[in-house]
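Here is the structure we will look at, set down as structure tokens.
Quick note on labels: first sequence line is chain A, next is B, and so on, each numbered from 1.
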Amino acid sequence: MFKKILIANRGEIAVRVMRACREMGISTVAVYSDVDRAALHVRKADEAYPIGPAQASESYLRVDKILDVAKRSGAEAIHPGYGFLSENARFAQACADAGIKFIGPTPQSMEMMGSKTRARQHMEKAGIPFVPGTARGLASPEEAEQVAERVGYPVMLKAAAGGGGKGMRLVHSRPELRQALESAQSEAQRSFGDSEVYIEKAIVNPRHIEMQILADEHGNTVWLGERECSIQRRHQKVLEEAPSPIVDADMRRRMGEVAVRVAQAANYTNAGTIEFLVDQQKNFYFLEMNTRLQVEHPVTELTTGLDLVHLQIKIASGEKLPFTQADVGIRGHAIECRIYAEDPDNNYFPSPGKIDVLLQPSGPGIRRDSGMYEGWTVPMDYDPLLAKLIGFGTDREQAIMRLERALYEYFVAGIKTNISLFRRILRDHDFRAGKLDTGFLDRMLAKADPGPTARAPEPRIAAIAAGMFAVLEPPAAGAKDGNAAATQPTASNWKERGRAEALR
Amino acid sequence: MFKKILIANRGEIAVRVMRACREMGISTVAVYSDVDRAALHVRKADEAYPIGPAQASESYLRVDKILDVAKRSGAEAIHPGYGFLSENARFAQACADAGIKFIGPTPQSMEMMGSKTRARQHMEKAGIPFVPGTARGLASPEEAEQVAERVGYPVMLKAAAGGGGKGMRLVHSRPELRQALESAQSEAQRSFGDSEVYIEKAIVNPRHIEMQILADEHGNTVWLGERECSIQRRHQKVLEEAPSPIVDADMRRRMGEVAVRVAQAANYTNAGTIEFLVDQQKNFYFLEMNTRLQVEHPVTELTTGLDLVHLQIKIASGEKLPFTQADVGIRGHAIECRIYAEDPDNNYFPSPGKIDVLLQPSGPGIRRDSGMYEGWTVPMDYDPLLAKLIGFGTDREQAIMRLERALYEYFVAGIKTNISLFRRILRDHDFRAGKLDTGFLDRMLAKADPGPTARAPEPRIAAIAAGMFAVLEPPAAGAKDGNAAATQPTASNWKERGRAEALR
Amino acid sequence: MVYDVMVSGKPHRLELEKVDAGWKCRLDGKEVHVDAVLPRRDVLSLLVDGHAYEVKREQTATDLHLWVGSTRFPVEVRDPRSLRARQGGAQDEKGPRKIVAPMPGRVVRLLVAEGAEVEAGQGIVVVEAMKMQNEIKSPKKGMVKKITASEGAAVNSGDVLAVVE
Amino acid sequence: MVYDVMVSGKPHRLELEKVDAGWKCRLDGKEVHVDAVLPRRDVLSLLVDGHAYEVKREQTATDLHLWVGSTRFPVEVRDPRSLRARQGGAQDEKGPRKIVAPMPGRVVRLLVAEGAEVEAGQGIVVVEAMKMQNEIKSPKKGMVKKITASEGAAVNSGDVLAVVE
């Protein structure tokens with residue numbers, strides 16, 4: 001087993017990986033950019049080294065600097081978390097070249113799954129179900145028409161190099177096709193410098209369901225159940241759950257077996273996720289593979305009773321999987337809310353800044369993986385994910401009720417968060433009924449907010465509270481007291497005190 | 001289902017029950033004594049009413065006051081938590097008389113199980129295994145000698161009205177018996193006003209293992225697995241786990257079946273616990289029944305995936321158990337640490353007072369049920385239990401590792417707590433090996449503290465930190481900043497500021 | 001003490017008087033039984049006629065919101081003795097409107113030039129923060145009088161990016 | 001700035017000098033690379049030669065302890081400029097010894113009378129707090145010179161209960 005691991009990440013996932021390391025008796029090495037000196041992952045590490053300015057391209061994405069810290073500190077392995085360098089095959093290769101174990105798949109597996117068309121070509125050979133269409137770019141408008149005729153309208157045009165909706169066109173019927181193709185190709189050229197466009201049958205109101213797999217380095221691969229990830233905004237997942245409300249044991253087994261075949265076809269090792277699109281008839285189609293730990297891995301941990309990060313580390317150190325497929329059982333229901341620093345009242349604009357007040361939930365059935373603390377200033381330079389709140393229950397209803405209770409306890413002031421969005425989602429009729437697809441959230445947000453429930457308090461309580469606050473804790477003094485001490489608190493304290501006193 | 005429940009308790013258990021109520025959409029009514037106005041359970045309730053002075057006999061034990069609040073607030077049911085009135089049959093009867101549902105068994109069941117000898121007489125009829133001995137008081141020294149001969153030495157003399165070790169004598173051989181009996185009888189007379197003493201075979205190094213049961217009001221009774229509770233100080237449990245390291249599936253089933261027979265013999269309803277003594281040959285003997293929710297119920301919740309408080313409320317409202325014995329599965333391992341306000345460096349003296357700093361653990365596999373918060377003053381009038389930290393893992397080893405990690409994150413200043421005791425227990429060789437009995441903790445504490453581990457930091461770090469604290473946050477100012485605002489903060493703030501400034 | 005309190009735009013008059021056991025409270029002329037404790041900064045445990053509320057304070061440079069449970073109320077307190085003047089009224093629909101950065105970030109793109117005619121809701125500037133590009137939109141139909149933002153520049157929350165008239 | 005710091009009874013000399021990037025630090029004459037941040041009151045994130053420590057401060061009226069991770073160090077800081085005089089030395093084994101309440105509580109029982117001869121470790125007074133009865137013991141063999149505690153009385157932490165000589 002490793003004695004020391006470098007965590008090439010920040011935020012909640014760095015903290016989560018460090019906790020696993022501490023549990024396993026492994027020392028941790030943090031890296032941090034200039035704006036992250038006071039970040040939680042630095043506080044929690046056994047060693048910590050600066051790697052440059054705020055901009056990720058000059059710090060968290062710098063392969064050379066991270067490997068340099070790994071060598072200096074004597075780390076034997078690197079956990080990349082998610083995002084940043086986690087799916088960068090060059091980084092995995094550079095680790096291997098430096099004799100440092102990359103906790104994840106091989107660079108070869110990552111390469112293979114990194115390009116959508118390349119992955120599709122490999123996987124079609126392995127008999128994996130795909131959305132009907134072409135596995136490569138269209139040579140001509142005529143070919144496009146033929147393929148569209150074959151798979152049936154509506155169809156989706158997609159840029160091979162694509163992502164984020166760019167170079168995508170939904171085509172409902174043949175007369176629209178030619179012009180849509182031209183415009184998709186030119187947009188793809190402008191956006192990615194590559195005009196290659198292919199056709200897929202358009203899935204109407206698809207679900208996004210993914211399957212977790214684990215593979216050791218001795219040829220054993222298992223699936224650990226699916227996650228329902230249909231609730232998205234701007235292609236960003238917001239809330240995930242396990243199991244999916246529509247997947248039964250048979251469908252789970254079939255998806256699991258396909259996922260294992262995908263992993264084996266890619267000679268995959270360590271933790272990975274196979275994403276599927278699922279249509280209204282519950283047919284599932286391979287979409288892509290994520291060659292890393294997912295943000296939403298906790299819902300799988302709660303329903304299987306396993307710790308995926310412990311297992312990632314054990315696999316990377318050469319151990320065999322300590323269980324077989326037959327040992328894996330799914331029990332209960334888990335739902336994750338991604339707490340983002342964004343303003344639900346202002347078009348979900350990001351909201352970095354100082355956290356003045358933080359009240360955090362706990363208690364039965366509640367797991368909190370957080371990268372924030374009261375007094376911390378959330379930098380503007382990174383992903384707005386602050387924390388994950390995960391609710392577990394005997395069944396889906398109880399998981400929902402527990403999350404609602406925990407969200408009630410959660411309070412953040414100083415910056416805006418999307419906590420209130422989850423209250424709306426969890427109350428929504430379609431959500432309660434499990435009627436989900438990737439359009440769910442946009443539809444819900446287009447409706448008027450039903451607003452507070454019947455049990456909502458009256459405004460007069462706020463009026464009384466305002467007076468009591470004014471009497472018991474005047475704002476000027478209150479705002480000061482809670483400040484985390486700066487590096488030179490003396491001078492600034494004096495200044496603020498003067499100000500506070502002048503206000504009286 | 002009830003619309004409103006009064007929680008006749010305080011501290012972590014009141015908060016835990018209120019959370020369950022909020023999850024089920026039930027309004028909560030808190031009661032509080034004069035020193036508990038700022039307690040967490042009052043903050044978390046929907047309604048809250050004062051019930052008198054600090055002394056429990058004048059507030060939390062006052063049946064009349066609590067029923068009065070229940071009637072005034074329109075509560076339809078009362079959850080008693082543990083301690084206080086939870087095992088008081090008169091209170092349960094008074095609730096019934098007032099038309100308010102007591103969430104627990106009937107007064108008749110509580111009566112039957114409330115006295116040790118009465119319970120023993122009933123249970124012997126039902127064929128429940130007891131430690132060999134007499135079910136009633138000894139008539140003469142001769143009878144004592146005959147019984148002792150029959151069950152075999154060593155034997156234990158016990159006061160029928162007893163508790164807390166009073167009137168108890170361990171007798172190794174016949175020549176000691178007569179004098180021990182006399183002295184036990186006179187001590188029992190002095191302590192309880194009742195000289196009745198009975199004999200039991202002395203179990204050497206027994207384990208204390210208990211079985212959770214649930215019974216609805218329609219005749220269905222199930223067992224939910226055992227808890228190992230052998231780690232005790234002064235007859236007070238300190239750390240509990242589920243499952244027990246020595247109980248296998250067969251023994252679990254046999255204990256469970258006996259527990260269900262006990263409950264059925266007592267016409268028991270709602271949640272209850274059957275305590276067993278287990279000898280070194282794994283024979284188990286009925287000890288007593290606790291007719292309430294146990295402090296340590298979370299370890300059963302984590303290993304079964306059930307919520308016992310939800311189920312208590314459902315049962316009390318007349319619902320049938322939503323599952324059968326065959327549906328109950330035990331998965332993983334859970335360990336609970338009881339965080340007490342007591343000083344491990346000073347003979348475990350209680351340590352009430354103000355909590356100046358509180359850093360609380362979270363993350364994977366960690367559940368925290370707490371009644372404290374930073375800035376709260378722990379009153380000297382009640383039980384020293386502040387919070388429970390529960391670790392869950394795929395197996396016992398992982399549960400231990402996760403708890404060690406979480407204890408590392410836990411920090412309380414201002415009052416003393418027994419957090420460091422758990423670090424010692426979890427590191428102990430016998431504990432790791434699962435070699436537990438009720439003498440474990442006394443033996444461990446009699447040994448010298450092995451002290452910090454090899455990875456402990458050097459004193460020079462403390463020296464540097466002391467200087468940095470002095471520079472960055474002089475103590476006088478620091479002590480002030482964090483104070484929870486008093487009712488009139490203005491005056492005292494001015495005073496303290498003047499003091500802080502004079503020190504510069 | 002007398003406070004004029006606006007809650008969600010509606011005025012209330014609150015009279016508080018210190019008495020032995022706590023505070024005597026009259027809201028809009030009606031006596032209310034109130035008991036309040038501050039368990040920590042910015043959190044109030046309030047008992048009003050037996051009902052319990054945990055009230056949280058969210059204070060920014062310009063706004064005050066109080067959360068009662070999980071319901072959020074915009075609140076304005078005018079203490080007759082307060083030195084703070086009331087914030088100016090909402091900006092006029094007519095006349096020039098400043099477009100400000102809603103969060104700290106970096107200007108990555110200008111979408112219109114000075115002098116351009118824009119519709120209400122049309123994007124003016126793109127500001128990037130937390131890996132997201134956010135189109136800052138015109139609040140009204142009109143002419144872009146001035147663009148103060150420049151591509152690549154860092155901006156703070158509240159900085160003026162452009163003016164539309 | 002120069003500090004004399006006692007850690008677990010051993011003296012250290014710490015020199016701290018404010019420089020551009022942070023603090024220049026010499027411990028017992030040896031230069032150490034130190035970077036410190038206070039993420040919150042009483043918590044220090046300390047980097048010493050790349051090693052990271054979370055240090056927590058536990059301050060009482062009389063004592064200062066620092067927790068480095070989960071190891072607890074008794075610490076005494078003497079700042080030459082400090083106004084606080086050093087605490088008097090440990091009490092002498094000879095001469096009268098005060099027996100003080102280690103926590104707030106209520107005196108429930110006196111176990112000896114004034115004038116009684118007691119052994120070291122013998123119980124003198126029982127104080128109840130948090131539902132537990134706690135025997136307060138004599139720190140030495142000797143004679144109970146005085147008993148100031150009375151049954152039923154409330155006591156605070158540090159109150160003198162008795163004197164043994």
Below 4.5 Å from any heavy atom of chain C, which atoms of [X] appear? Answer side chain, backbone, both or neither.
| X | result |
| --- | --- |
| A:Tyr410 | neither |
| A:Glu404 | neither |
| A:Ala56 | neither |
| A:Asn346 | side chain |

Looking at every heavy atom in both [X] and [Y], which two are closest together, and how far apart are they?
| X | Y | answer |
| --- | --- | --- |
| C:Ala36 | A:Leu472 | CB-CD1, 4.1 Å |
| C:Met132 | A:Glu342 | CE-OE1, 4.3 Å |
| C:Val75 | A:Ala462 | CG2-CB, 4.4 Å |
| C:Phe73 | A:Pro457 | CZ-O, 3.6 Å |

(message) With a 3.5 Å distance limit and no angle check, can you tell me whether C:Arg41 reaches the backbone of A:Asp356 through a side-chain donor-acceptor pair?
(response) yes
Nearest 0.5 Å, please: how far is [atom2] in [Y] from [atom1] in [X]?
| X | Y | atom1 | atom2 | result |
| --- | --- | --- | --- | --- |
| C:Lys137 | A:Asn347 | NZ | CG | 5.0 Å |
| C:Asp49 | A:Ile461 | CG | CD1 | 8.0 Å |
| A:Asp381 | C:Glu128 | CG | CD | 9.5 Å |
| C:Met130 | A:Leu385 | CE | CG | 9.5 Å |
| C:Gln59 | A:Phe469 | CD | CZ | 10.0 Å |
| A:Leu359 | C:Glu54 | CG | CD | 6.5 Å |

(request) May I ask you to name which of C:Leu27, C:Val37, C:Val127 has the most heavy-atom pairs under 4.5 Å with chain A? (result)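 Greatest number of close heavy-atom pairs with chain A: C:Leu27.
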(message) Which one wins on heavy-atom pair count under 4.5 Å against chain A: C:His65, C:Lys10, C:Glu15, C:Arg72?
(response) C:Arg72
(request) Check the pair C:Val32, A:Arg460 against side-chain contact (heavy atoms from CB on, under 4.5 Å), reporting the backbone distance first and the verdict last. (result) CA-CA 11 Å; C:Val32 198; A:Arg460 68 187 196 106; 4.0 Å; yes
(request) Report the C-alpha separation of C:Leu14 and A:Met468 in whole Å, then their side-chain angles, then the decisive distance to 0.1 Å, and conclude whether the side-chain contact (heavy atoms from CB on, under 4.5 Å) test is met. (result) CA-CA 10 Å; C:Leu14 185 71; A:Met468 295 310 305; over 6 Å; no
(request) Could you tell me whether A:Lys416 and C:Glu58 make a salt bridge, using a distance below 4.0 angstrom between a side-chain N and a carboxylate O? (result)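 Yes, charged N to carboxylate O under 4.0 Å.
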Can you find a pair of side-chain heavy atoms, one from [X] and one from [Y], that are under 4.5 Å apart?
| X | Y | value |
| --- | --- | --- |
| A:Asp343 | C:Pro102 | no |
| C:Pro104 | A:Met380 | yes |
| C:Ser70 | A:Phe411 | no |

(request) Below 4.5 Å from any heavy atom of chain A, which atoms of C:Val34 appear? Answer side chain, backbone, both or neither. (result)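 Contact with chain A involves the side chain of C:Val34 alone.
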(message) Can you tell me which portion of C:Val55 sits under 4.5 Å from chain A's heavy atoms? Options are side chain, backbone, both or neither.
(response) both
(request) Show your reasoning for whether side-chain contact (heavy atoms from CB on, under 4.5 Å) applies to C:Ile136 and A:Phe349. (result) CA-CA 10 Å; C:Ile136 315 297; A:Phe349 275 151; 3.7 Å; yes
